[in-house]
Amino acid sequence: MIMVTGANGQLASLTLQALAERETPAVGGSRTPADGQRPLDFDHPASLDLTGVSTLVLVSAGYAEDDRVLARHRAVVDAALRDGVAHVVYTSLTASGDHLGFALAHRGTERMIRASGLGWTILRNGLYAELFGALLAWTPDGLESAFGQGALSAVARADLAAAAAVVAGDPASHAGRTYELVGEPVTASDIAERLTVTHRTIGLGAYRARLLADDTLLPFQPPMLASIATSVRHGLLGDTGPDLARLLGRPLTDPLTVAADAAAATRPGGR
Ligand SMILES: NC(=O)c1ccc[n+]([C@@H]2O[C@H](COP(=O)([O-])OP(=O)(O)OC[C@H]3O[C@@H](n4cnc5c(N)ncnc54)[C@H](OP(=O)(O)O)[C@@H]3O)[C@@H](O)[C@H]2O)c1
């Protein structure tokens, strides 16, 4: 049986959808399980139950400090070993993201999985096109960001989910492989042009000050978001590669359209 973790999250639910479309039976695991799903909370190791699972799609449980994220992933890898899981498919971060604030937890998890003795495939996901669009701020004049003219090789979340479903459906063919699943280069100006508005660049200092003043953010988030901004701005996240289209057997979903839709969705007063 295939199990996909974080089933109520966006990537996991799209992965379960992609598996269903391929008529590959799979179950979701979640902290808040819906009908037919299993309870699964990495923060409660004693409660983890992976019996009957042969392939585990481990969707990274980020959005926390590295020690917490790594403890979550350690707990699920230990449970996988104990309960006889054969293969783990881990959704990681693309190699060019090594400069990002959340890279260490991904690289630590990759090492943990490779050393575990479990079968494994690492899906090194690029940054979501949806995230890129949503990180642009609206002003009365148009869009604003600290991304400058830097290009991000953005990727539609649904394409990453489809790739995870391909791998989970035939893990033996992908055992011991690390795939770089990135999209196509998109700039903030491309998104603005698509939405027929202007894009204004602000400095990284002004952006960081804005993040630090935002009391809705958790302490780890300002440095994480600032690291995305400087990496995109300075061209460190623009690498492309063939792995994703090869896995999917089709061209990628246009990331510019996805990013522009995400930016439009946050526009005050609608599109
Ligand atoms: N590539 C990118 O651009 C990018 C951007 C942001 C994040 N990420 C990473 O990719 C992951 C998936 O992205 P997403 O867009 O699907 O995020 P999402 O919609 O926020 O989903 C994340 C899921 O992680 C699961 N989770 C959180 N804490 C958990 C815990 N203690 N035990 C088990 N599961 C837990 C949750 O599943 P349940 O609610 O079902 O328990 C949650 O729904 C994120 O968690 C993050 O690590 C990647």
Side-chain angles (χ1 to χ4, degrees), residues 3-18 26-50 56-80 89-98 100-110 122-135 147 152-165 179-183 186 217-218 220-221 224-225 227-229 231-232 237 239 244 255 258-259 262:
M3 178 189 268
V4 182
T5 74
N8 285 315
Q10 299 165 90
L11 180 63
S13 54
L14 287 167
T15 302
L16 285 161
Q17 200 178 306
V27 65
S30 174
R31 293 167 300 173
T32 50
D35 274 355
Q37 296 182 344
R38 281 211 206 169
L40 196 75
D41 185 343
F42 305 158
D43 286 329
H44 294 97
S47 73
L48 295 177
D49 177 7
L50 300 177
L56 183 72
V57 180
L58 171 53
V59 173
S60 59
Y63 302 116
E65 298 287 351
D66 292 346
D67 56 349
R68 185 139 183 235
V69 176
L70 281 161
R72 287 173 177 166
H73 294 170
R74 178 80 260 167
V76 75
V77 167
D78 286 347
V89 180
Y90 175 61
T91 65
S92 186
L93 172 69
T94 185
S96 57
D98 270 343
L100 299 176
F102 44 98
L104 289 174
H106 283 296
R107 297 296 172 253
T109 303
E110 289 183 6
I122 307 290
L123 305 180
R124 284 186 162 174
N125 291 348
L127 292 197
Y128 305 144
E130 290 89 340
L131 174 70
F132 194 35
L135 286 176
F147 295 128
L152 167 68
S153 198
V155 56
R157 207 190 252 108
D159 281 355
L160 297 170
Y179 295 113
E180 294 290 337
L181 305 182
V182 290
V186 176
L217 295 179
L218 295 169
F220 75 91
Q221 288 180 306
M224 180 198 75
L225 291 166
S227 73
I228 294 176
S231 292
V232 172
L237 285 173
D239 290 359
L244 183 54
V258 175

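Just so it is clear, the model here is predicted, and its values are computed rather than measured. Read the numbers this way: they start at 1 and go in the same order the structure lists the ligands and their atoms.
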- Query: Cut-off 3.5 Å, side chains only: do E110 and S92 have a donor facing an acceptor?
  - Reply: yes
- ring-ring contact (aromatic ring centres under 6.0 Å, His included) filter on F220, not counting sequence neighbours, yields none
- State whether a side-chain donor-acceptor pair under 3.5 Å links S30 with N8. yes
- Message: List the residues meeting side chain to side chain contact (heavy atoms under 4.5 Å, CB included) with L217, not counting sequence neighbours, and say none if there are none.
- Response: L211, D214, Q221, P222, L225
- Message: Tell me which one of D67, D66, D43, D78 satisfies salt bridge (Lys or Arg N to Asp or Glu O under 4.0 Å) with R72.
- Response: D43
- Note on the structure: Within the heavy-atom cut-off of under 4.0 Å, ligand 1 is lined by G6, A7, N8, G9, Q10, L11, S30, R31, L40, D41, F42, D43, V59, S60, A61, G62, Y63, R72, G126, L127, Y128, L131, R157
- Task: State which residues pass side chain to side chain contact (heavy atoms under 4.5 Å, CB included) with T109; sequence neighbours excluded, sorted by chain then number.
- Result: L70, H73, Y90, I113
